[in-house]
Every structure is written in C-alpha cells, then in structure tokens.
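Everything numeric here is computed off the predicted structure, so don't read it as measured data.
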Amino acid sequence: MRNLALVNTKGEKLRQLIGSRLKAERERLGLNQAEFAALGGASKRSQIDWEQGRLVPNAEFLAQLAGQGVDVQFVLTGIASSTTLSPEENELVISYRKLDVRGKARLLGLADGMNEAEAPKPVQRNQEINFHGRVGHQVIGDINAPVYVGRKKK
C-alpha cells in the first residue's frame, strides 16, 4: 500500500493540503462554508478550522460528503477521481448504458454535433420558388411574400 507523504515538496503539511483541497471542492460546488459543512453534518467553525489546516475532517464527515458529489479522493490525495459525477451526469450514464449499439452511436453523434464550433449556415431568403399542388394549380412567389394560388391560364 502506498503511503501518502505528510509533507509535500513545498513543505506544506498534509492537513494544510487537505484544507486547501476541501476549500477547492467547496468552491467548485458553489457553496459557502456553512452550507458545505452542513452537507456532512458539521459546523461552520469546523469547516473554517479544516480549510485553514488547523484540524482535519473525520471519516464520517468525508463519507457524508462523498454521497453529496464531493470528490473525497481529491480532498485526501490531490488526484481527481474520474468517478465523481453530478446527479445529471450519473442519470445520463445510466441511460446511455441501457441503449443498444445504434442508440449509443446516435447519442455520441448528437453530442459530437453539439460540440461543433462551426456556426450554422445562414438561410438564404427571397428565393423564387415554383411548385405544383393539385393538378391545375401553381404557386409562384417569394418565400417571404404572401402565397398566391391560382389556376393555370389556358
């Protein structure tokens, strides 16, 4: 089993590192200290002490945070977890796994298309169109103009 260093290369103590990472996770989630502490059933004062590196949170608090979307692996090791997903992301993964191969390909194609940086091509206006409806009727005109429907002249 790999031991975590108690001091990093900058001379920071582990509890200071955990405190700064805890703060980073709190800010990532957009919570203030009182709200973040409440996620794990702690007080704002405890949260302040942890973020300043005076103390470290216990396992019970961290377990509560893990259930709320906090990346506890990052807080403890500094290595971001690839398994921490928001509830929406988790729902998307569950739905994706239920799809057949075609559905997965379509969804990936849709996501890829949504990420395209290219702007959609503008629609050309004021083009002349001609088409026939019922036999003997002809529609001619500008796309934006009122449509005239009449009989063909004999």
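Note that the OG atom of Ser46 and the CD atom of Gln33 stand 11.0 Å from one another [nearest 0.5 Å]. Note that the CG atom of Leu76 and the CG atom of Asp71 stand 9.5 Å from one another [nearest 0.5 Å]. With values rounded to the nearest 0.5 angstrom, Gln47 atom CD is found 6.5 Å from Arg26 atom CZ. Considering CZ of Arg54 and CZ of Arg45, their distance stands at 5.5 Å, rounded to 0.5 Å. A distance of 14.5 Å separates CZ of Arg21 from CZ of Arg28, quoted to the nearest 0.5 Å.
Looking at Glu60 and Gln64, their side chains never bring a donor and an acceptor atom within 3.5 Å of each other.
Under a hydrophobic clustering in which Ile, Leu, Val, Met, Phe, Trp and Tyr are joined whenever their side-chain heavy atoms come within less than 4.5 Å, directly or via other members, Leu62 and Val70 fall into the same cluster. Residue Leu39 is not grouped with residue Ile48 when hydrophobic side chains (ILVMFWY) are merged at heavy-atom distances under 4.5 angstrom, including chains of intermediate members.
Under the rule for a salt bridge (Lys or Arg N to Asp or Glu O under 4.0 Å), Arg106 has no partner lying at least two apart in sequence or in another chain.
For Lys44, the NZ atom is loosely surrounded, since the number of other residues' heavy atoms within 6.0 Å does not exceed 12.
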Atom pairs and distances, donor-acceptor, side-chain atoms in residues 95-103, under 3.5 Å, two or more places apart:
| from | atom 1 | to | atom 2 | distance (Å) |
| --- | --- | --- | --- | --- |
| Ser95 | OG | Glu91 | O | 3.1 |
| Asp100 | OD1 | Arg102 | N | 3.4 |
| Asp100 | OD1 | Gly103 | N | 2.7 |

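Two residues are said to be in side-chain contact when any heavy atoms from C-beta on lie closer than 4.5 Å; Leu22 and Leu65 meet this criterion. Side-chain contact between Ile18 and Leu14 is present, with at least one heavy-atom pair separated by less than 4.5 Å.
A distance-only check finds a donor-acceptor pair linking the side chain of Arg15 to the backbone of Gly53 [under 3.5 Å].
Residue pairs satisfying the ring pair (Phe, Tyr, Trp, His ring centres under 6.0 Å) criterion with at least one member in residues 32-54, sequence neighbours excluded, are listed as follows: Trp50-Phe61.
The two atoms that bring Ser43 and Ala37 nearest to each other are O-CB, 3.3 Å, heavy atoms only.
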